Amino acid sequence: MDIRSMQDDTPDLEAFFPYRLAIAAENFSRNLLDVYGREFGLSREEWRLIYLLAREEQITSLELSNRTTLDRVQVSRASQRLEDKGLITRSVAPEDRRLKLYACTDQGRALFQAIFPKVQARTKEVLDRMTPEGRTALNDGLKALSDAMNERPV
């Protein structure tokens with residue numbers, strides 16, 4: 001098969017679903033980065049960790065990797081920065097020394113409490129640009145996509 005015939009069978013990149021989904025997610029994430037990044041000085045990775053840790057007593061490094069879609073290196077680097085800022089603590093898990101235990105400090109929880117309403121407001125601002133039917137369709141579509149992905153191991 002030559003390149004020309006492959007191009008004829010390939011949809012435009014802008015019409016390719018995985019690309020469209022990735023671009024939409026990236027654009028949404030960048031929009032929120034204006035809040036927690038510019039205003040509060042957190043990276044995306046740091047925000048994801050603070051978001052989870054502020055709502056839990058303790059989380060292992062394995063749980064953080066699974067729940068944030070961050071790999072172990074990203075978790076390690078972001079958690080080091082958060083620890084240096086006094087926002088979280090890290091310790092070795094007594095039952096499995098290969099794992100680290102992460103917890104939010106009072107300062108980290110206070111920062112989360114300051115950021116979260118602003119992130120919610122920005123999210124609402126973006127979603128309010130959609131019609132109610134569009135928001136319902138988006139929620140239904142995301143649920144259906146997640147369900148479909150969970151039915152078949154990738």
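Fair warning: this is a prediction, and the values are worked out from it, not measured in the lab.
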* To do: Verify side-chain contact (heavy atoms from CB on, under 4.5 Å) between Ile115 and Ile50, making sure each step is shown before the conclusion.
  => CA-CA 10 Å; Ile115 296 172; Ile50 284 288; 5.7 Å; no
* **Derivation and outcome, side-chain contact (heavy atoms from CB on, under 4.5 Å), residues Arg38 and Leu33** => CA-CA 7 Å; Arg38 289 201 179 114; Leu33 183 60; over 6 Å; no
* Step-by-step side-chain contact (heavy atoms from CB on, under 4.5 Å) determination, Asp96 to Thr60 -> CA-CA 10 Å; Asp96 186 345; Thr60 68; over 6 Å; no
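For the pair Ala78 and Glu45, the tightest heavy-atom approach, listed with the atom from each and the gap, is CB-CB, 3.7 Å. Residues Pro117 and Ala114 come closest through the heavy atom pair CD-O, 3.8 Å. The nearest pair of heavy atoms linking Arg109 to Cys104 is NH1-CB, 3.1 Å. When every heavy atom of Arg72 is checked against every heavy atom of Ser65, the shortest pair comes out as CG-OG, 3.8 Å.
Side-chain atoms of Thr123 and Val119, non-hydrogen and from C-beta on, do get closer than 4.5 Å to each other. A heavy-atom distance below 4.5 Å is found between the side chains of Leu82 and Leu42. Using a 4.5 Å heavy-atom threshold, the side chains of Leu64 and Leu70 count as separate. Here the side chains of Leu138 and Met130 are in contact, with some heavy-atom distance below 4.5 Å. Between Lys143 and Asn139 the shortest side-chain heavy-atom distance does not fall below 4.5 Å. Ile59 has its side chain within reach of Arg67: a pair of non-hydrogen atoms, C-beta onward, lies under 4.5 Å apart. Taking 4.5 Å as the limit, every side-chain heavy atom of Arg98 sits out of range of all side-chain heavy atoms of Leu62.
When the side chain to side chain contact (heavy atoms under 4.5 Å, CB included) test is applied to Ser29, the partners found at least two apart in sequence or on another chain are Tyr36, Arg44. For the ring-ring contact (aromatic ring centres under 6.0 Å, His included) test, no residue two or more places apart in sequence or in another chain qualifies with Phe28. Every residue two or more places apart in sequence or in another chain that forms a side-chain hydrogen bond (donor to acceptor under 3.5 Å, both in side chains) with Arg48 is listed here: Thr69. Residues meeting the salt bridge (Lys or Arg N to Asp or Glu O under 4.0 Å) test with Glu83, sequence neighbours left out: Arg90. With sequence neighbours excluded, no residue forms a side-chain hydrogen bond (donor to acceptor under 3.5 Å, both in side chains) with Gln58. Under the side chain to side chain contact (heavy atoms under 4.5 Å, CB included) criterion, Ala93 pairs with Glu95, Leu99, Leu101, sequence neighbours left out. For Gln120, there are no side-chain hydrogen bond (donor to acceptor under 3.5 Å, both in side chains) partners at least two apart in sequence or on another chain. By the side-chain hydrogen bond (donor to acceptor under 3.5 Å, both in side chains) test, Glu125 pairs with Arg129, sequence neighbours left out. Listed by chain and number, the residues in a ring-ring contact (aromatic ring centres under 6.0 Å, His included) with Tyr102 amount to none (sequence neighbours excluded). Applying the side chain to side chain contact (heavy atoms under 4.5 Å, CB included) criterion to Asp140, with sequence neighbours excluded, gives Thr136. Remark: Glu14 pairs with Asp12 by the side chain to side chain contact (heavy atoms under 4.5 Å, CB included) rule, at least two apart or across chains.
Cluster membership for Leu32 and Val126, using ILVMFWY side-chain heavy atoms within less than 4.5 angstrom, is shared. Note on Phe17 and Ile23: separate hydrophobic clusters, where clusters join Ile, Leu, Val, Met, Phe, Trp and Tyr whose side-chain heavy atoms are under 4.5 Å apart, directly or indirectly.
Side-chain atoms of Arg135 come within 3.5 Å of backbone atoms of Leu127 as a donor-acceptor pair (strictly under, hydrogens ignored). Side chain of Ser79 to main chain of Ser76: a donor-acceptor pair is present (N/O by atom type, distance under 3.5 Å, no hydrogens or angles). Judged by distance alone, the side chain of Glu151 and the main-chain N or O of Ala148 form no donor-acceptor pair under 3.5 Å. Between the side chain of Asn31 and the backbone N or O of Asn27 there is no donor-acceptor pair closer than 3.5 Å. Side chain of Glu56 to backbone of Leu53: no donor-acceptor contact under 3.5 angstrom is found. In this structure, the side chain of Arg97 does not engage the main chain of Val92 through any donor-acceptor pair within 3.5 Å.
The existence of a salt bridge linking Glu46 and Arg81 is confirmed by a sub-4.0 Å separation between a basic side-chain nitrogen and an acidic carboxylate oxygen.
Open room surrounds NZ on Lys118; 12 or fewer heavy atoms of other groups in view lie less than 6.0 Å from it.
Counting only residues at least two apart or in different chains, ring pair (Phe, Tyr, Trp, His ring centres under 6.0 Å) contacts with residues 109-132 comprise Trp47-Phe112, Tyr51-Phe112, Tyr51-Phe116, Phe112-Phe116.
Separating the OG1 atom in Thr68 from the CD atom in Gln74 is a distance of 7.5 Å, to the nearest 0.5 Å. Interatomic distance, Asp147 CG to Met149 CE, rounded to the nearest 0.5 Å: 11.5 Å.
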